[in-house]
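Along the sequence shown, residues carry numbers from 1. Everything numeric in this text was worked out from a predicted model, so none of it was measured.
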Amino acid sequence: MKNLIKLFAFIAFLGLSIFPAYGFASSNSGPKASGEGVGVISGWTVSEIKYQLSSDSALVSGVSFELDGAAGTVSVKLNSSSTQYTNCINTNGYHWQCDFPAGIGLADMDELQVIAVGD
């Protein structure tokens, strides 16, 4: 019986010492390219920004822009107090188009925040 308890204790010790090391090692696989923030950040440079007006010229129906590198997912918002982002579609190369079906009022726009996540 003592040998069984010693064996169980040894197996428990091995499990407790190996599991954290395995978990730490598997979490160090390296980040993908991504970035979010104001000012200079690692990630992409946004250029060629063009806003599309809706039939009501007080509303913006979309925005398009170029990124300086490939991205897998891109979202934008145009109002700093909003928490809702709109997903964009890659139309060609590094060019992205974001459509706002309901439109966003020109008076409500106070930023262009782009969140891009790499492939």
Side-chain angles (χ1 to χ4, degrees):
M1 184 69 166
K2 281 186 178 185
N3 287 338
L4 187 58
I5 292 172
K6 286 180 184 179
L7 179 63
F8 178 73
F10 179 70
I11 292 172
F13 172 74
L14 280 179
L16 291 175
S17 61
I18 293 174
F19 180 73
Y22 175 77
F24 178 74
S26 68
S27 69
N28 287 334
S29 59
K32 292 183 177 183
S34 62
E36 191 277 329
V38 177
V40 178
I41 57 173
S42 62
W44 295 266
T45 300
V46 179
S47 62
E48 303 293 324
I49 302 166
K50 296 182 176 83
Y51 296 93
Q52 295 92 37
L53 294 177
S54 71
S55 58
D56 177 356
S57 62
L59 298 175
V60 172
S61 64
V63 62
S64 64
F65 51 86
E66 296 280 332
L67 296 177
D68 65 342
T73 304
V74 176
S75 300
V76 300
K77 71 174 186 169
L78 300 177
N79 184 299
S80 60
S81 63
S82 174
T83 58
Q84 182 176 356
Y85 286 82
T86 299
N87 292 328
C88 304
I89 298 170
N90 181 268
T91 57
N92 184 20
Y94 302 150
H95 186 80
W96 291 85
Q97 174 66 42
C98 316
D99 295 319
F100 312 107
I104 296 178
L106 285 171
D108 297 326
M109 291 175 43
D110 61 357
E111 74 173 358
L112 169 61
Q113 187 170 34
V114 179
I115 296 178
V117 178
D119 294 331

Nearest 0.5 Å, please: how far is NZ in K77 from CD in Q113? 5.0 Å

Stepwise, does the side chain to side chain contact (heavy atoms under 4.5 Å, CB included) test hold for V76 with C88? CA-CA 7 Å; V76 300; C88 304; 3.8 Å; yes

Between Q52 and Q97, does the side chain to side chain contact (heavy atoms under 4.5 Å, CB included) criterion hold? Intermediate values first, please. CA-CA 10 Å; Q52 295 92 37; Q97 174 66 42; 2.9 Å; yes

If we only count heavy atoms from C-beta on, is the L67 to V46 side-chain gap below 4.5 Å? yes

Check the surroundings of atom CG in N92: do more than 12 heavy atoms from other residues, nucleotides or ligands lie under 6.0 Å from it? no

Could you check if a side-chain atom of L106 sits within less than 4.5 angstrom of a side-chain atom of L59, using non-hydrogen atoms only? no

Between N79 and S81, do the side chains contain a donor N or O and an acceptor N or O under 3.5 Å apart? yes

Could you walk me through whether V74 and F65 satisfy the side chain to side chain contact (heavy atoms under 4.5 Å, CB included) test, starting with their C-alpha distance in whole Å, then the side-chain angles of each, then the deciding distance to 0.1 Å, before giving a yes or no? CA-CA 11 Å; V74 176; F65 51 86; 3.7 Å; yes

Are Y94 and D68 close enough that some pair of their side-chain heavy atoms sits under 4.5 Å apart? no

Please tell me if the side chains of F100 and L78 come closer than 4.5 Å, counting only heavy atoms from C-beta onward. yes

Could you check if a side-chain atom of M109 sits within less than 4.5 angstrom of a side-chain atom of Y51, using non-hydrogen atoms only? yes

V114 side chain near W44 side chain, heavy-atom distance below 4.5 Å: no

What are the two closest heavy atoms between S75 and Y85, and how far apart are they? CB-CB, 3.9 Å

Rounded distance (nearest 0.5 Å) linking atom OG of S64 with atom CD1 of I89: 12.0 Å

Taking the side chain as every heavy atom from C-beta outward, state whether V60 and L53 have any pair of such atoms under 4.5 Å apart. yes

Side chain proximity check, N87 to C98, heavy atoms < 4.5 angstrom: no

